[in-house]
Structure formats: structure tokens, C-alpha cells
Trainee: 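Handing you this structure, nothing more for now.
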Amino acid sequence: MDVRRRAPSSNNNNNGQYPPIKHSKASDALPLPLYLTNGIFFTLFFSVAYFLLQRWREKIRSSTPLHVVTMSEMAAILSLIASFIYLLGFFGIDFVQSFITRSSEDVFDEQFMDNHRPPCGDCAPKTSILNILPQEDEEIIKSVLNGTIPSYSLESRLGDCKRAAFIRREALQRLVGKSVDGLPLDGFDYESILGQCCEMPIGYVQIPVGIAGPLLLDGIEYSVPMATTEGCLVASTNRGCKAIYASGGASSVLLKDGMTRAPIVRFGTAKRAAELKFFVENPANFDTLSVIFNRSSRFARLQSIQCAMAGKNLYMRFTCSTGDAMGMNMVSKGVQNVLDFLQNDFPDMDVISISGNFCSDKKPSAVNWIEGRGKSVVCEAIIKEEVVRKVLKTTVPALVELNMLKNLTGSAVAGALGGFNAHASNIVSAVFIATGQDPAQNIESSHCITMMEAVNEGKDLHISVTMPSIEVGTVGGGTQLASQSACLNLLGVKGANKEAPGSNARLLASIVAGSALAGELSLMSALAAGQLVKSHMKYNRSSKDVTKTAA
């Protein structure tokens, strides 16, 4: 239910000690969800009513006295009474209370609320909301502040995710003495993130989404959504898309598709650890391990197991396909199945962790750069000399030289690991946030080497990006949220592909690589033409006085 605004009653004084408030839902005492509880009682009520009507109809036809009741009829009558009492108590009381609540709320319109909001800045909103909060919410806020009700349990106690976020937000403001007025609360579906995306929410952050494109990739046009707060990024990527389109488009090749997880196990001796290594890497045992692994999901298919040792510690890097999901949970379940199976033949195996960083997840690593993780994609295009000159405002020799000295030599001097590019992570992050991917996996997903060379007798430019570890999915996690789902739908990759499982996620990875190609082309051209500082001063700097806006 919505957070109501009404004046507090006068009996709000019990020294700040409030027990957990659990009286707003009829099914709080039941272990079932509210919708399921209501469904059961609705079904029970109409079923027994139908049963009794049928029996009484038969008695009337056979001239049997109605007061002669069988055991089944007695049970049906009791069930009818019980379900009627529940439905009346749940919906009837709430219906009456709605009129009482509405009448008390009429005096508190939006203008009154605006006039009583706490001021922005460092002042503490300790008293300004007290006069317009419902008595019940005020009690819960005080219970959160004094520790009677844990903040993390508000959703389960109240059964209303938005109300829980509001109460947690108000309790936080009083606790820290700071206002979060600029953080929006309304306009977001808090039910959609419960138990899957974010815990203890107090609002949401707004990130603008721009469109770059059309990106002509493998003969199909895509409008690429990019969520970013950096000026010039969308405009620059859009210019790269324009240059690619004018030159006939780009093409992509998927090299690998496999998510990894690498547990660490320990033995008493290095010799014993090596025995497990030889057992796991023996081709004769792979089919058995695959069957055990693949039980975790109908989409999980074990591809390989790569082992590495450090003394008596063994790291086993499992690689598997995961359909249209990014697949971290899927591969972890499969790994756990295999570890449980191996424990039978290796009872002295001590499982230290399901992840031993040989995976490697959310960290720059040579193993991902060399072996790949997620989707490994190469994307290329040939940019015509005329397009380089008119659209990108530079020349082919200047781009080739700059790429060699900056992306290749400069990155080598810096000791870069997977960073032989201009700004691939910029594009990857923007597309990831827009489409509901895990932003932390931008680290390995941005591994990219950009190559440029003159072709067609030195007139045209061949540009390519090789990205070995793009970790994306189109189901699960943040992809299910409304905004992110809309962006996936814009690209035509929303949800799972039933005809060809995994093809949506693979296409999304190719689009990410194609967008990175466009971004690399445009930024390198701006650098070669000396346009970078000028464009950023024009588009990435604002003369607007934000202090007046916030006041």
C-alpha cells in the first residue's frame, strides 16, 4: 500500500520503545505469500459453496430434510464459514479503513507537503516530517532507529517494498543528520529488485540514456542505448557509427562462448594434489564429469577444465556454455556438483573456496586476456579514405601512426594488461548499464586490442577490435528491470531465444564490440586531428550554476 500522510494521534508516548509492527496484512501469521493465501481462500470459498448448493439441490429433489447433515457437509459448512470470515476480515476491514484514511488525508495536499519538506544541505530532517507521517510509520521509524526492528527486515515485515524504502530512507536521514532530497524515491518498482538486484534500497539514481547509431553490423542496423554522465561519449560513438555506415558497415566473428569458475582445493601434499589434476585432465574422465556438471541446468554444458597448481593447492578452471544468461550462478552450481562428486574418490580434498581467482571474475587477468571468458569477439571494418577525410576530419596515415604509438607502444610502456585501446571501457560501461549487465564486469569485458592499418594501396583504413572476454547476458539479474529490459528490446535481444538458446547473448556481445569499434574510431580521429580538448570544452562542460538549481 502507498505511504499515507495523516496527522499523528496524541497517544504516541511509550518512551520510544515500540515492538515490531505486524498488523497491516491479513496473512502475516501464515508462511505463504499474500497472493497465494488469498487465492487459497477464494478457491475454498467458491468450491465449498458450489458443493453445498449441489447437495442441497439433490436433497430437495429427493425430499430429504435439509437439516440432516453428513460429515462431508459439516466439513464444507465449517470451511465456508472460515473462508468467509477470512475474506471479510481481510477485504472488509481494509475497505472501511480506506474511507477513514482518505478523509483524514484530504487536508494534506501536495502544496502542504512541499512547504514542510526539510531544506537541502547539511541540516537534519529530524522534526519536519513528524507532523505529516502516519502514526504507524512514525512508530516503525523509531523502532528502526532504536534497533527494535532491523532495517533489512522492513520488506518482509511490511509486505510493501516501496513503503519499506520510504521508512528506511527517513530513518537514515534522522540517523546521519543529512538530507537525501535529491535522491528520487517515487517512480520505481521496488518489488522488481527484491531478493535479486539490491538490498535495503532508499531510492534510485538517474542516469541519462542516449542513442548512438545506427550501427550497421553484419548487415543489420542497431540503435545502441548508452547510459552515461560523460559528455561527448554518445556523440563521439555516434560519429564512429556514421563513418562505419558510410563505408558499408562492420562485421563480427564470435570466437568463443564460455563462462568460467575456478575453485581452489587443498591436499596434505603436492603429490596428492597432482593426482587430482591428472584425474580431472584425463580425457577418459571428462564425459563423467560433464554429466555431473550439466545436471545444474538444462543450458549448462561443460566445455573444458584447466588446472594449475601452487604447492599442494589445486586450482581447477571450469568453462561452460550458459545459454542466454551471463551464467555465473549456473557455472557455480555445476562446479559444486563436480566437487561433491570428486569428494567420494578424494575424501582428503579440502575445498577452500568455490572461487579461487583463477576464473578470473571482476579483475584484470592474463588468463582472461589469453584464454577468454564469456564471449570472445572480433569486429572489423574498412573505412573509406573519403569518409576518413570528410567525417572523421583526419587522414589514414595519421590514424595508423597514432594507433601504433598510443594503443600499442604506449600501452606496452605502461605495462597494460588487456588495455591496448583508446577507451573501450567507456563504451562497454555505458552499454552495460543501459542493458542491465553487471557493471563490475566491465573490467575484463573491456579487454581490447585495437588494430589499424592502411589497405587498398594505402588509401583506406582497416580497423578492428579484438575483445576476448565480454561477459553479458539477456536474462537474469538487472536485465529483468523495466528500463534495462526496454533497452534490450530496442536491440532485439530481450530475454531468452527459444529457437536458438544463447544467440541473444552472443548478439549482444557482438553489438558491444561493434559499438567499441565505433568509439575507438571516433576518439582516435579526434586525437589525430587535435579535436579532443575542443570538443570536450564544448560538450562536456556546463556553464549552468548548479548551486542555484539545487537550492
Side-chain angles (χ1 to χ4, degrees), residues 206-252 375 377-384 387-388 390-394 399 421-437 439 442 445-446 448 450 461 463-465 467 470 472 474 478-479 483-494 504 507-529 531-532 535-536 538-540:
Q206 297 167 308
I207 302 179
V209 177
I211 290 295
L215 171 66
L216 183 57
L217 179 65
D218 298 322
I220 302 176
E221 297 180 10
Y222 300 97
S223 296
V224 183
M226 301 175 66
T228 181
T229 56
E230 179 183 351
C232 289
L233 180 58
V234 178
S236 177
T237 306
N238 189 67
R239 184 175 75 147
C241 291
K242 179 180 180 181
I244 292 172
Y245 194 102
S247 298
S251 60
S252 65
K375 278 69 174 170
V377 183
V378 178
C379 191
E380 65 179 346
I382 296 178
I383 310 301
K384 297 178 181 178
V387 174
V388 172
K390 292 185 177 180
V391 177
L392 302 176
K393 310 300 182 182
T394 185
L399 283 172
N421 59 81
H423 71 149
S425 64
N426 245 340
I427 290 84
V428 172
S429 295
V431 178
F432 267 34
I433 296 172
T435 58
Q437 311 305 312
N442 160 72
S445 296
S446 296
C448 172
T450 300
L461 174 74
I463 178 174
S464 67
V465 292
M467 306 178 72
I470 301 177
V472 294
T474 58
T479 66
S483 301
Q484 290 82 344
S485 180
C487 290
L488 289 170
N489 189 57
L490 177 66
L491 293 171
V493 295
K494 177 183 176 181
N504 280 357
L507 176 56
L508 178 57
S510 296
I511 294 173
V512 171
S515 303
L517 181 75
E520 289 288 281
L521 178 62
S522 183
L523 176 58
M524 291 295 287
S525 299
L527 291 170
Q531 300 170 334
L532 181 66
S535 61
H536 272 265
K538 180 179 180 181
Y539 296 106
N540 203 25

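Owing to the predicted nature of the structure, the values given are computational and were not obtained by experimental measurement. What's counted below: heavy atoms across the whole structure, side chains too, no hydrogens, waters or symmetry copies.
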Trainee: Is there a side-chain contact between L491 and P225 (heavy atoms, below 4.5 Å)?
Mentor: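 Yes; the side chains approach each other to less than 4.5 Å.
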Trainee: Checking the side chain of S247 only, and the main-chain atoms of K384 only, is there a donor and an acceptor separated by less than 3.5 Å?
Mentor: yes
Trainee: Is the shortest side-chain heavy-atom distance between L507 and Y222 below 4.5 Å?
Mentor: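 Yes. Closest side-chain heavy atoms under 4.5 Å.
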Trainee: Working to the nearest 0.5 Å, report the span between CG of L215 and CG of L517.
Mentor: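 Answer rounded to 0.5 Å: 8.0 Å.
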Trainee: Do you know which two heavy atoms are closest between M524 and A422, and how far apart they sit?
Mentor: SD-CB, 3.8 Å
Trainee: Distance from C379 atom SG to I244 atom CD1, nearest 0.5 Å?
Mentor: 7.0 Å
Trainee: For S522 and A518, indicate whether the former's side chain and the latter's backbone hold a donor-acceptor pair under 3.5 Å.
Mentor: no
Trainee: Atom OG1 in T474, atom CG in N489: separation rounded to 0.5 Å?
Mentor: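 Interatomic distance, T474 OG1 to N489 CG, rounded to 0.5 Å: 11.5 Å.
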Trainee: Could you walk me through whether M467 and V428 pass the side-chain contact (heavy atoms from CB on, under 4.5 Å) check?
Mentor: CA-CA 11 Å; M467 306 178 72; V428 172; 3.8 Å; yes
Trainee: Do the non-hydrogen side-chain atoms of L508 and L488 ever get within less than 4.5 Å of each other?
Mentor: yes
Trainee: For residues S510 and L217, determine if any side-chain heavy atom of one lies less than 4.5 Å from a side-chain heavy atom of the other.
Mentor: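 A side-chain contact exists here, since the closest heavy-atom pair is under 4.5 Å.
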Trainee: Quick one: pull up CG in L392 and CG in L461 and give me the separation to the nearest 0.5 Å.
Mentor: 8.5 Å
Trainee: Would you compute the distance between atom CG of L399 and atom CD1 of I463 and round it to the nearest 0.5 angstrom?
Mentor: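 L399 CG to I463 CD1: 7.5 Å, rounded to 0.5 Å.
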Trainee: Could you report the tightest heavy-atom contact between V472 and F432, atom names first, then the distance?
Mentor: CG1-CE1, 3.4 Å
Trainee: side-chain contact (heavy atoms from CB on, under 4.5 Å) for I211 and V234? Distances and angles first, verdict last.
Mentor: CA-CA 7 Å; I211 290 295; V234 178; 5.9 Å; no
Trainee: Nearest 0.5 Å, what's the CG-CG distance between L233 and N238?
Mentor: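 The CG atom of N238 is 11.0 Å from CG of L233, to the nearest 0.5 Å.
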Trainee: Dump the intermediate steps for side-chain contact (heavy atoms from CB on, under 4.5 Å) on S515 and M226, then the final yes or no.
Mentor: CA-CA 10 Å; S515 303; M226 301 175 66; 5.9 Å; no
Trainee: Restricting to non-hydrogen atoms, name the atom on Q484 and the atom on I433 that form the minimum distance, rounded to 0.1 Å.
Mentor: CG-O, 3.9 Å
Trainee: Using modelled atom types only, decide if a donor and an acceptor are shared between the side chain of D218 and the backbone of S252 within a distance under 3.5 Å.
Mentor: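 Side chain of D218 to backbone of S252, a donor-acceptor pair under 3.5 Å: yes, one is there.
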Trainee: Using a 3.5 Å distance criterion without hydrogens, assess whether the side chain of Q437 forms a donor-acceptor pair with backbone atoms of T435.
Mentor: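 Yes: the side chain of Q437 pairs with the backbone of T435.
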Trainee: Is a side-chain donor or acceptor of E520 paired with a backbone partner of H423 at a separation under 3.5 angstrom?
Mentor: yes
Trainee: Ignoring hydrogens, what is the shortest heavy-atom contact between A513 and V377? Give both atom names and the distance.
Mentor: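 Of all heavy-atom pairs spanning A513 and V377, the closest is CB-CG1, 3.8 Å.
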Trainee: Which heavy-atom pair separates A243 from I383 by the least distance, and what is that distance?
Mentor: O-CD1, 4.1 Å
Trainee: Is there a side-chain contact between T228 and S429 in this structure, where contact means two heavy atoms from C-beta onward sitting under 4.5 Å apart?
Mentor: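 When only atoms from C-beta onward are counted, S429 and T228 do not touch, as no gap falls below 4.5 Å.
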Trainee: Are V512 and I427 packed together at the side-chain level, in the sense that at least one heavy-atom pair is separated by less than 4.5 angstrom?
Mentor: no
Trainee: Is the backbone N or O of C448 less than 3.5 Å from a side-chain atom of N421, with the two atoms forming a donor-acceptor pair by type?
Mentor: yes
